[in-house]
2 protein chains.
Amino acid sequence: MQEKLRQFQRYLDKAGLKATRQRELIARAFFATTTHVSAEGLYRRVAGRHPRIGLVTVYRTLKLLKDAGLAHERQFGEGRALFEHASSEHHHDHIICTECGKITEFENYEIEALQEQIVRRLGFLIRHHKLELYGLCRECSAATGAGQGIQTAEAG
Amino acid sequence: MQEKLRQFQRYLDKAGLKATRQRELIARAFFATTTHVSAEGLYRRVAGRHPRIGLVTVYRTLKLLKDAGLAHERQFGEGRALFEHASSEHHHDHIICTECGKITEFENYEIEALQEQIVRRLGFLIRHHKLELYGLCRECSAATGAGQGIQTAEAG
DNA sequence: AGTGATATTGATAATCGTTTTCACTGTCGT
DNA sequence: ACGACAGTGAAAACGATTATCAATATCACT
Ligand SMILES: [Mn+2]
Ligand SMILES: [Mn+2]
Ligand SMILES: [Zn+2]
Ligand SMILES: [Zn+2]
């Protein structure tokens, strides 16, 4: 957390940007999150104790955090974007429960490798990809009484 | 095309909806497309010869076509949605050129199978998925002079 | 073919997350 | 401390899509 804050300060300095009170507060709140958070959600966390900060500045600071390589922006389905730490850890993809909104992360080397092959075959140069599985989590599928039989992945 | 139109008419009839002049014109224009088209794009095609049709009706008819199982709606990146025929053919995923917007389709059974495994392991019940690869197509990567060396898929 | 209940249309306004604008304020190198 | 200029926040703008609503078209039933 302290290290990430320092990284952010360093980025601002190198980019000739100013280290403002608001930026530090927002970055601190962001690094304190452990899940996927929306701009609005982060705003509420910050505004709780610092009412003078505007939602616009949260949007702007999140963009800076992305530029600094410290945040990833995700667009699940429609609606608002969610942000999460851009850990130096592994890349991961997501499973989203369409009922309760729960987001589960996973990583699968084989899928990534297969994507590689496909792309190379087609002559593309891949920059990034998006793999999202939508469905019901264990709890929600139990609750809605959906059969637990074998399900065929069919996509949209 | 004639068959798809008939399917649409049948759907409208069964759902107690009316077969209007506008719906037929819009459906006809949609079935005449061969690529991914936006609501606005389809509207322009129709409005060319039938200026009395409104964009709103295009949106509404596209929703009906989806409900009838004849169209798929895709959300690539941000911005407007694109629609394409929901052929009875195989499911497919997409590669999108971030430079020129070209969309290439592909299907890979192994990836689908791996997704199955992951999901089953996590206890989810999958409804649909989204796999999109973003990068430069052959032409654009040549034009921008990006090296043709081996590229590592790294995702966002 | 005519009637009437009601589904549909299209112009317009509303929505919603995000970005721009702009006058005022804060930061930081000097 | 000064001053250039980047940053802030309130409000307005944005862009794709959806809701409203009065006027119109469809179609089952005569
Ligand atoms: Mn994540
Ligand atoms: Mn397609
Ligand atoms: Zn759930
Ligand atoms: Zn291209």
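So you know, we letter chains A, B, ... as the sequences are listed, proteins then strands, and number each from 1. Not measured: the values here are computed from a predicted model.
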Can you list the residues that meet the salt bridge (charged side-chain N to carboxylate O under 4.0 Å, His left out) rule with Glu107(B), with sequence neighbours excluded?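 Glu107(B): no salt bridge (charged side-chain N to carboxylate O under 4.0 Å, His left out) contacts found.
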Once salt bridge (charged side-chain N to carboxylate O under 4.0 Å, His left out) is applied, do any residues pair with Glu78(A), and if so which ones, sequence neighbours excluded?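 Listed in chain order: nothing, the list is empty.
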is_close_aromatic(His72(A), His92(A)), centroid dist under 6.0 Å: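 No; His92(A) has its ring centre 6.0 Å or more from that of His72(A).
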Verify whether the ring centers belonging to His94(B) and Phe76(B) lie closer than 6.0 Å. yes
Does Phe30(A) offer a backbone N or O that forms a donor-acceptor pair with the side chain of His85(A) under 3.5 Å?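 Checked: pair present.
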Give the residues of residues 36-68 of chain B touching DNA chain C, defined as any heavy atom closer than 4.0 Å, sorted by residue number. Arg52(B), Ile53(B), Gly54(B), Val56(B), Thr57(B), Arg60(B)
Among residues 9-31 of chain B, which contact DNA chain C at a heavy-atom distance under 4.0 Å?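 Leu17(B), Lys18(B), Thr20(B), Gln22(B), Arg23(B) - these, ordered by number, are the residues of the stretch whose heavy atoms sit under 4.0 Å from the strand.
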Any salt bridge linking Glu40(A) with Arg45(A)? Criterion: basic side-chain nitrogen under 4.0 Å from a carboxylate oxygen. no
Check this for me: does any side-chain nitrogen of one of Lys102(B) and Glu139(B) sit under 4.0 Å from a carboxylate oxygen of the other?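 So Lys102(B) pairs with Glu139(B) through a salt bridge.
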Show, in sequence, the C-alpha distance, side-chain angles and deciding distance for Arg10(B) and Glu3(B), and conclude whether the salt bridge (charged side-chain N to carboxylate O under 4.0 Å, His left out) test is met. CA-CA 10 Å; Arg10(B) 215 175 306 142; Glu3(B) 177 51 29; 3.6 Å; yes
Verdict with supporting geometry, Ile26(B) and Ile53(B), side-chain contact (heavy atoms from CB on, under 4.5 Å): CA-CA 9 Å; Ile26(B) 294 167; Ile53(B) 289 186; 4.1 Å; yes
If you walk 5' to 3' along DNA chain C, what is the first nucleotide with an atom under 4.0 Å of a heavy atom in chain B, and what is the last?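 Result: dT6(C) to dT12(C).
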By side chain to side chain donor-acceptor pair (under 3.5 Å) - contacts of Gln22(A) (at least two apart):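 Here no residue qualifies.
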